[in-house]
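Working notes for the structure below.
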Amino acid sequence: MKYDKFIKAALTGLTLSLAAAAPTMAPAETLRVLRGAASSALSVPMNRAVIVESDVPFTELSIANPGIADISSLSDRTIYVLGKEPGRTTLTLLGAEGRLITNVEIHVAPDLAEFKERLTQILPGENIEVRTANDGIVLSGQVSSIARLERAIELAERYAPGRVSNLMVVGGTQQVMLQVRFAEMQRSVRKSLGAQFDISGSAGGTNIVGGTTTSSGGSNGAVTFGFGAGSMNVNLMIEALESRGVVRTLAEPNLTALSGQEARFLAGGEYPIPVAQDENTITVQFKPFGVELIFIPTVVDGDVINLELTAAVSAVDTTNAFTGGDGISINAFTRRETKTTVEMRDGESFAIAGLIQDDFNDLSEQVPWVGDIPVLGALFRSAAYEREQTELVIIVTPHLVSPTRGAALSLPTDRVRLPSEADLFLLGKTTAGTQIPGGAGEVARQDFTGSYGYVMDE
């Protein structure tokens, strides 16, 4: 007896466990058509089927658009409706002698149940609301990043191609400040060595004039020697010149833009360029030069930022000017430009461009044959040596930023206050101190004593 109770309990527990493990089957969606009552609209998921039941036997069925839904009769009171394409159509039921029983409006829409399930699996934790509108899918709510927004739209396109409306917004900080550092160094070395030798005088009633002009063309660093013998004068000038130069160019533009929007920056000017037109007229176009920056930031996911960046450094080059026949002179431009797309996190830096240019030029002039003589031939030769090196580096650093109160910001003009007449004429002060409360005041009270900026070791 005890064994029978034990076996019955085991079987009962096994039955309950199998019932709990079995998937829950949702009841089939049906629409019942009643005699003398207007039927409601029937919603059919795409690629799914529903049943329409009529309490009156029908003899004939018709569907207005078979491309939207397909029908088949299971009996004289039951209809099988299959959704094929999103849209609306009408199902007509006719009774004996062609009498109209009812018209059923069928609305075929994407299968939102499956779409919501896949959306939860692929993008867990995202607050995305899904609705249907005019045979399409409407997505709304807030997502954590642009990447997840794009994934949700891409998934929705699988269920309603070309009929997805995006009303989602991206949460978190979506404003990006880009710090760009342009650093350029130019070094030049020029050396020249030349000699000028000439003889003048008369011998036997005949004037003698001769010499060489192998000088480098300048008078700096020149030493002149001369002596005479009777009416003959001999002059010798030896010129040796060396010049060095270093130029540093540094710009640090900062620019802030909303994610996905373009921002532009120009620190420089515009140069007028004449352009010939028809009927012998000339118009003027302005070409910008200086430090140019164009970028489009996109916050991809969290603190990952995608940057489409164009950076350029240009200047007017007067050494390569063009002069036209009518006397118009147009200067040339030197320009270094980079255009790239990079991806990095908030606060990380990238050297997006680097240029090392090394130009070398040497020139040797001499008097034929005489200049080839060892040692003494140096008096009849002129040599020039020139080398220019240019190095340019562009470094970018993006930051996610948020607006702040204006009192926390400091301006360059906060450091300076105009002096009074007594300060200027009696005390000789060109500026007067200022007191600004808060963090901005701390910055404004700083001075420029001591080391600051960038230091270059020679």
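All values derive from a computational prediction rather than experimental measurement. What's counted below: heavy atoms across the whole structure, side chains too, no hydrogens, waters or symmetry copies.
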| said: Can you confirm whether S188 sits close enough to Q186 that some side-chain heavy atom of one is under 4.5 Å from a side-chain heavy atom of the other? | reply: no

| Which atom pair, heavy atoms only, marks the closest approach of G269 to L266? | O-CD2, 4.4 Å

| Heavy-atom neighbours of F425 CZ exceed 12 at 6.0 Å | no

| said: For V176, run the side chain to side chain contact (heavy atoms under 4.5 Å, CB included) check against V401, D346, V299, L258 and tell me which one passes. | reply: V299

| request: Spell out, as yes or no, whether a donor-acceptor pair under 3.5 Å connects the side chain of T90 to the backbone of A64. | output: no

| remark: The reported gap from NE2 in H399 to CE in M177 (rounded to nearest 0.5 angstrom) is 5.0 Å

| query | Where is the tightest heavy-atom contact between G347 and T397, given as atom of each residue plus distance? | reply | O-CG2, 3.7 Å

| field | Other residues, nucleotides, ligands: >12 heavy atoms within 6.0 Å of Y385 OH | value | yes

| request: I would like to know whether V108 and E85 meet side-chain contact (heavy atoms from CB on, under 4.5 Å); could you show each step before the answer? | output: CA-CA 7 Å; V108 179; E85 292 292 337; 5.9 Å; no

| message | So Y159 and M46, do their side chains get closer than 4.5 Å, heavy atoms only? | response | no

| task | Compare every heavy atom of M344 with every heavy atom of P398, then report the nearest pair and how far apart it is. | result | CD-SD, 3.2 Å

| Check: E53 main-chain N/O paired with R77 side-chain donor or acceptor under 3.5 Å | no

| request: State, with a plain yes or no, whether a side-chain heavy atom of I51 is found less than 4.5 Å away from one of L74. | output: yes

| message | Is any side-chain heavy atom of L293 closer than 4.5 Å to one of L309? | response | yes

| request: Taking the side chain as every heavy atom from C-beta outward, state whether L400 and D303 have any atom pair closer than 4.5 Å. | output: yes

| Does CD in E157 sit with more than 12 non-hydrogen atoms of other residues, nucleotides or ligands closer than 6.0 Å? | yes

| task | Provide the closest heavy-atom pair for K84 versus D70 in the form atom of the first, atom of the second, distance. | result | CD-CB, 3.7 Å

| remark: Residue pairs meeting salt bridge (charged side-chain N to carboxylate O under 4.0 Å, His left out), one or both in residues 263-273, sequence neighbours left out, come to E262-R264

| Should the ring pair Y271 and F333 be called parallel, tilted or perpendicular, given that the plane angle runs from 0 to 90° and is split at 30 and 60? | perpendicular

| said: Check whether T298 reaches the backbone of V300 with its side chain - one donor and one acceptor, N or O, closer than 3.5 Å. | reply: no

| Basic-acidic side-chain contact under 4.0 Å: R181, E252 | no

| task | Mind checking the CE-CG spacing from M168 to N127? Nearest 0.5 Å is all I need. | result | 11.0 Å

| The single option from K116, R151, R148 passing salt bridge (Lys or Arg N to Asp or Glu O under 4.0 Å) against E126 | R148

| So does Q277 have more than 12 non-hydrogen atoms from other groups sitting under 6.0 Å from CD? | yes

| task | Check whether any side-chain heavy atom of L61 sits under 4.5 Å from a side-chain heavy atom of L93, and report yes or no. | result | yes

| Looking at side-chain heavy atoms only, is the closest gap between L123 and L155 below 4.5 Å? | no

| said: Donor-acceptor check, side chain of S314 to backbone of G290, threshold 3.5 angstrom: yes or no? | reply: yes

| Residue pair L167, V138: steps toward the side-chain contact (heavy atoms from CB on, under 4.5 Å) verdict | CA-CA 7 Å; L167 301 181; V138 178; 3.7 Å; yes

| field | Reported CG-to-NZ distance for the pair L424 and K429, which is rounded to 0.5 angstrom | value | 11.5 Å

| remark: Taken to the nearest 0.5 Å, the spacing of N361 CG from R387 CZ works out to 12.5 Å

| field | T89 side chain to N65 backbone, donor-acceptor under 3.5 Å | value | yes

| Do R187 and R244 have side-chain heavy atoms sitting under 4.5 Å apart? | no

| request: State the CD1-OG1 distance between I352 and T340, to the nearest 0.5 angstrom. | output: 6.5 Å

| Heavy-atom pair with the smallest gap, counting every atom of A156 and I137 | O-CD1, 4.1 Å

| What are the two closest heavy atoms between I282 and P274, and how far apart are they? | CG2-CB, 3.7 Å

| Residue pairs, two or more places apart or on separate chains, that pass salt bridge (charged side-chain N to carboxylate O under 4.0 Å, His left out) and touch residues 330-344 | E184-R336, E292-R335, R335-E337

| request: Walk me through it: do V52 and I71 pass the test side-chain contact (heavy atoms from CB on, under 4.5 Å)? | output: CA-CA 10 Å; V52 176; I71 60 173; over 6 Å; no

| Do you know which of L94, T78, T102, I79 makes side chain to side chain contact (heavy atoms under 4.5 Å, CB included) with F58? | I79

| request: Drop me the distance from S243's OG to E386's CD, to the nearest 0.5 angstrom. | output: 8.0 Å

